[in-house]
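Notes follow the structure.
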Amino acid sequence: MAVNAAAALPRLVAVLAVAAFAALPMAGLPAFYDSFFYLVFFWISLATSWAILSGFAGYFSLGHAAFFGIGMYTTAVLTTWFEVPVLLTIPAAAGLAALFGVVIGAVVFRLRRLRGELFALLTLSVTFVIATIILNTPIDGGAGIFMSAVPIPNLLPTPTGSIYLMGFVLCVATLVIAWKVAHSRLGMGLYAIHDDEDVAESKGVPTFRYKIAAFALSAGIAGAVGGVHALYVGFITVAGTFELTVPLFVVLMSVIGGARHWFGPAVGATFITVLLYAFISGGEAMVGRAIVGVILILSILWLPDGVIPAAKAWFARRRPAPKRHSAEVAPVVPAARPVGDRNVLEVRGVTKRFGGLQALSGVDLDVREGEIVGLVGPNGSGKTTLINVISGHYPLSGGTIAVDGAQIGTLSAHEIARRGVARTYQIPRPFTNMTVLENVVAAATFGGAPRPAREIRDEALHWIGFTGLSGKEEMLPAALNLHERKFLELARALAARPKLLLLDEVLSGLNPAEVDNAIRLVRAIRAQGATIVFVEHLMRAVVELSDRVAVLNEGKLFALGAPREVMRDPRVVSIYLGKAYAA
């Protein structure tokens, strides 16, 4: 009963806060308070909208003023030129800004190199372009747009109260959207993109579509905020609308509060707005800006993840962790299933070029249902490249790849993952800001068939226990050793219940006891119905596990057959140890 009450308390506080702020204009306070609180709502909405793209997905934008400005000018033009009621212009402002975001994203997100600082600079450039267009057309023309004659909606008895209410409603709507996104499939995908976009794609996250959705939401909310703010300002100019203050302040507010948490930007925006208002007059305004700068420096040094994540971590350290159910599954090997006659994987004439380098040259390989095929060869022979083209990490330069008879060579990595192909990485690449459980849940959510959240969680717990990670569900990957991170990679791959499992040196770096345990795990995985292709340099494991061994050399299939026969072939020995030794 106490647990339910504690869980309901935040909702009760939120409902009471919304009711109190909604009724505030009726309290008869001076108009100053309406304006002050409106500005708090304004910055909360704007900072939160920025965080949906830049905080959640990790695409750092410096161009938020562009979408905010589009919203302002949309409302200004529609109300002054065409006498459209203000409330009807807000959806138009949001829609036009969102459309610009989709158009820009559709171009930018297809260019994989435009990430990080390049994306930030590009969005900043978009702001200058839009500002220049507006300034040099009749939209503004340099004179600005006066909105003093535009009637303010009679939502409350006073004009300031009506604007307050519009800002408040938009602020609440923005926070609700951010909460919904953060606790949805979309949010999980965006967090995965933030940590490692390539891995997210390989686990089944439709990264392009999710980034477009985040960009549209972020830009649309900013446009709606701009539409309301145009009425508050009353006189719209390019210089005042597209200034660098907007993106710099939203970044500052989000970073201080915690850009990855849905409520973090609200905390940062409230704090910074109150601080600036405390130093708003005369020379003290510069003091206020200096203090804000010092706070930003201190937050980067001492609270790099923001106030909300730091507070959550502090409370977590000071209260006993609740006991969570974890599935204890022993890696017992069932009776082995016979290898079938049907080909699960068919590789035909596969080539891969990187500029002038031919990494793969006409590779042909069939893998039958339930088979374990070891992929060996000297360094640089093309083993990992073959894994990468099968999983869709690299596009094919030539040839075809089929899984269960369906061609996958032209599909994106997330589409291949959803057709039952899962992989691990030679160097573990977990989602660093997700716990062990969240990592595996994400893989089960996007890589497998759609299932209820509870069933997905149980599936994730099963594979965590199966790989020996029970008790570490709430740990971050940084707290795991190499052996545990390797098995986390394996648990993520298994959570999608793949028909074809690609293992890239999953045994490397393990001690003999850990290798023995890993061999038992791989056998257990095959016995449960998976077909496995694995890259490995540890010959003991290759011989013990493989039904067949494929040897690559210089991008070509060099030998294929039973493990002991292939590994005793003088030609194979020569490519590993040299011709003199083989002779």
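Starting from 1, each residue takes its place in the sequence as its number. What's counted below: heavy atoms across the whole structure, side chains too, no hydrogens, waters or symmetry copies.
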Subject >> Residue pair D198 / Y425: nearest heavy atoms and the distance that separates them >> reply: O-OH, 4.0 Å
**OP:** Measure across P430 and E489 and return the closest heavy-atom pair with its distance rounded to 0.1 Å.
**Re:** N-OE2, 3.9 Å
Original post:
Relative to the ring of F41, is the ring of F168 parallel (under 30°), tilted (30 to 60°) or perpendicular (over 60°)?
Top reply: tilted
Original post:
How are the rings of F36 and F32 set to each other: parallel, tilted or perpendicular (split at 30° and 60°)?
Top reply: parallel
Original post:
Hey, mind stepping through E415 and R418 against salt bridge (charged side-chain N to carboxylate O under 4.0 Å, His left out) and telling me if it holds?
Top reply: CA-CA 5 Å; E415 293 173 312; R418 292 184 179 181; over 6 Å; no
Original post:
Can you name the side-chain contact (heavy atoms from CB on, under 4.5 Å) partners of E197, sequence neighbours left out?
Top reply: Y59, R115, I193, T207, K211
Is the [X] to [Y] ring centre distance short of 6.0 Å?
X	Y	answer
F354	Y394	yes
F119	F60	no
Y210	F109	no

Original post:
Can you tell if the side chain of F21 reaches within under 4.5 Å of the side chain of V172, non-hydrogen atoms only?
Top reply: no
Show me, pair by pair, the donor-acceptor contacts under 3.5 angstrom made by side chains of residues 90-104, not counting sequence neighbours?
none

Quick check for you: to the nearest 0.5 Å, what is the distance between [X] atom [atom1] and [Y] atom [atom2]?
X	Y	atom1	atom2	result
I52	T174	CD1	OG1	7.5 Å
K180	I177	NZ	CD1	11.0 Å
H393	N388	NE2	CG	5.0 Å

**OP:** Without swapping roles, check the side chain of S218 against the backbone of F215 for a donor-acceptor pair under 3.5 Å.
**Re:** no
Subject >> Main-chain N/O of N433 paired to D195 side chain as donor or acceptor, under 3.5 Å >> reply: yes
Original post:
Among F249, Y232, F68, whose ring pair (Phe, Tyr, Trp, His ring centres under 6.0 Å) with F42 holds?
Top reply: F68
Original post:
If you measure only the distance, is there a donor-acceptor pair under 3.5 Å linking the side chains of D504 and T384?
Top reply: yes
Subject >> Option passing side-chain contact (heavy atoms from CB on, under 4.5 Å) with I134 (candidates D140, V129, T237) >> reply: D140
